[in-house]
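Contents: one structure, followed by commentary.
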Amino acid sequence: MENQTFDVVIIGGGPAGLNAALVLGRARKAVLVIDEGKPRNRVTHEAHGFLTRDGIQPGELRRIAREQITVYPSVIFADDKVVSAEGADGHFQISTASSQTYHSRKLLFTAGMKDRPLPVKGLAEVYGTSAFVCPYCDGWELRDQRLVVINKGTEAFHFAQLISGWTKRFTLCTNGPDELSDEQRQELLAHQVQVLDSPIKGIESVNGQVRQVVLEDGTTVPCEGIFFKPDLAAGSDLPKTLGCEVTETDMVVVDEFGKTTVPGVYSAGDAASRAHQAIMAASAGAFAAAALNNELNMEAWRQHG
């Protein structure tokens, strides 16, 4: 396999990478999917909002996807971590942690994002069980419950408006200065949203189920769930190493087809989008795969014309 030059090497085996592999496999392209098996949603018990798979365990979704993709023999999987990528369009070389080297005409980065260490004591113990980041993914399960939102500033203000569609019983804990404008504070007050700016001392829980948030000023906020703003980093820094443009939040800059600013390099899913939902990642992966397939076909057409 090391001597083979793949049409596309996909770095990351989540919904975006797997759907891309499916599309490319059906297009008869030689594909290698490299995934280290540490998805960000591994702490989550269920994935939601994915048509026909609502409520499925993330690991089971990946298992089914791999099983279905094995029908297409030109797609190969490697459980490994890519540590370097170099070269140019048509001639990329990828090295892995297990000292394997692969060659590819094109690259597709779908490694997503990863959480930096969680900033609040006790948050790791409830993350994925009763503390979440996306109400579209987990708001239904916490409908009408007492919640704590951990966020600040304009993002917190807009999140308060959003979460109000699932429950009106929530408290905004900003874990320090709220960074809200006077108008935002007045609007939150008008909607009876309590804003507490004392730093958070810790989160008390039992078996992953949050019981209360304790502030440094002694205030306790009983709740059944938490939504918080995660601190994210790129799942792979290799696109940046290759010269791809990235935003200040480490998101890879792509066009509507998933093309980065470096020829032959594509990205899709959470790595290249702020919409961190499995079904959207899968859709972006499929779209990028179609663009990659078209590019490969056109190159072959011109070469043999």
Side-chain angles (χ1 to χ4, degrees), residues 40-41 43-49 54 113 115-232 248-249 251 270 273-278 280:
R40 181 173 169 238
N41 65 357
V43 303
T44 304
H45 300 288
E46 297 180 347
H48 292 283
D54 191 51
M113 305 293 282
D115 290 299
R116 292 190 174 99
L118 300 177
V120 176
K121 181 180 178 181
L123 186 54
E125 287 75 9
V126 296
Y127 184 26
T129 300
S130 56
F132 308 98
V133 300
C134 173
Y136 289 103
C137 301
D138 300 287
W140 169 262
E141 285 68 33
L142 293 174
R143 63 192 183 281
D144 296 326
Q145 300 296 304
R146 295 178 302 173
L147 306 181
V148 164
V149 173
I150 303 175
N151 205 336
K152 65 177 61 179
T154 297
E155 286 189 356
F157 177 73
H158 291 313
F159 194 93
Q161 296 173 316
L162 176 63
I163 198 65
S164 67
W166 283 272
T167 183
K168 301 296 192 295
R169 305 167 64 197
F170 65 92
T171 300
L172 176 57
C173 292
T174 61
N175 196 25
D178 61 35
E179 299 180 10
L180 295 164
S181 68
D182 290 339
E183 290 182 353
Q184 290 169 337
R185 293 189 192 95
Q186 288 300 317
E187 189 167 334
L188 289 168
L189 180 63
H191 286 270
Q192 300 181 327
V193 177
Q194 186 179 27
V195 179
L196 303 175
D197 63 4
S198 175
I200 298 173
K201 182 177 181 181
I203 295 170
E204 297 179 357
S205 62
V206 177
N207 297 325
Q209 181 58 54
V210 61
R211 295 291 184 246
Q212 62 181 9
V213 176
V214 181
L215 307 185
E216 288 188 358
D217 66 3
T219 302
T220 59
V221 188
C223 61
E224 284 80 48
I226 292 173
F227 280 99
F228 69 99
K229 179 188 176 183
D231 185 13
L232 300 177
E248 60 182 14
T249 58
M251 188 177 73
D270 290 2
S273 172
R274 297 183 64 183
H276 296 171
Q277 295 187 47
M280 294 185 181

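Remember, it's a predicted structure, so these values are computed and weren't measured experimentally.
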Review point. Between Thr174 and Gly176, what is the shortest heavy-atom contact and its length?
Key: OG1-O, 2.6 Å
Practice item. Calculate, to the nearest 0.5 Å, the distance between atoms CG and SG belonging to Asp54 and Cys137 respectively. Key: 10.0 Å
Exercise for review: Might you point out which heavy atoms bring His276 and Leu232 nearest each other, and give the distance in Å?
Suggested key: CE1-CD1, 3.5 Å
Review point. Which distance, rounded to the nearest 0.5 Å, do you find between the CD of Gln194 and the CG of Leu188?
Key: 11.5 Å
Practice item. Check whether more than 12 heavy atoms from other residues, nucleotides or ligands sit under 6.0 Å from atom CG of Asn207, and answer yes or no. Key: no
Review point. With distance as the sole test, does Ser205 use its side chain to make a donor-acceptor pair with the main-chain N or O of Val126 at under 3.5 Å?
Key: no
Practice item. Evaluate the criterion side chain to side chain contact (heavy atoms under 4.5 Å, CB included) for residue pair Lys229 and Phe159; output intermediate values, then yes/no. Key: CA-CA 10 Å; Lys229 179 188 176 183; Phe159 194 93; over 6 Å; no
Practice item. Given side chain to side chain contact (heavy atoms under 4.5 Å, CB included), test Lys168 with Gln192 step by step and report yes or no. Key: CA-CA 9 Å; Lys168 301 296 192 295; Gln192 300 181 327; over 6 Å; no
Check your understanding: So how far is it from His191 NE2 to Ser164 OG, rounded to the nearest 0.5 Å?
Key -> 8.0 Å
Revision key, fill the gap. Value for CG (Leu118) from CD (Glu125), rounded to nearest 0.5 Å, stands at 9.0 Å
Practice item. Of all the heavy-atom pairs spanning Cys223 and Val213, show the shortest one and how long it is. Key: SG-CG2, 4.2 Å
Practice item. Give the ring-plane orientation class for Tyr127 versus Phe228, where under 30° counts as parallel, over 60° as perpendicular and anything between as tilted. Key: perpendicular
Study note, to complete from the structure: All heavy atoms of Pro230 vs all of Asp115, minimum pair found to be CB-OD1, 3.7 Å
**Study point:** Rounded distance [0.5 Å steps], OG in Ser130 versus CD in Glu224
**Key:** 10.0 Å
Check your understanding: More than 12 foreign heavy atoms under 6.0 Å from CE of Met280: is that the case here?
Key -> no
Exercise for review: Measure up the Phe132 and Phe227 rings against each other and bin them: parallel (under 30°), tilted (30 to 60°), perpendicular (over 60°).
Suggested key: tilted
Point to revise | Minimum-distance pair of heavy atoms, taken over all atoms of Glu204 and Val214 | key: OE2-CG2, 3.6 Å
**Study point:** Step-by-step side chain to side chain contact (heavy atoms under 4.5 Å, CB included) determination, His48 to Trp140
**Key:** CA-CA 10 Å; His48 292 283; Trp140 169 262; over 6 Å; no
Review point. So, Arg169 side chain and Gln145 main chain: donor-acceptor pair closer than 3.5 Å or not?
Key: no
Check your understanding: Between CD1 of Ile150 and CD1 of Ile200, what distance do you get to the nearest 0.5 Å?
Key -> 4.0 Å
**Study point:** Which atom of Leu180 lies closest to which atom of Asp178, heavy atoms considered
**Key:** N-OD1, 2.8 Å
Exercise for review: For Leu162 and Tyr136, run side chain to side chain contact (heavy atoms under 4.5 Å, CB included): C-alpha distance rounded to whole Å, both residues' side-chain angles, the deciding distance at 0.1 Å, then the answer.
Suggested key: CA-CA 10 Å; Leu162 176 63; Tyr136 289 103; 3.6 Å; yes
Point to revise | Heavy atoms of other groups near Arg274 CZ, more than 12 under 6.0 Å | key: no
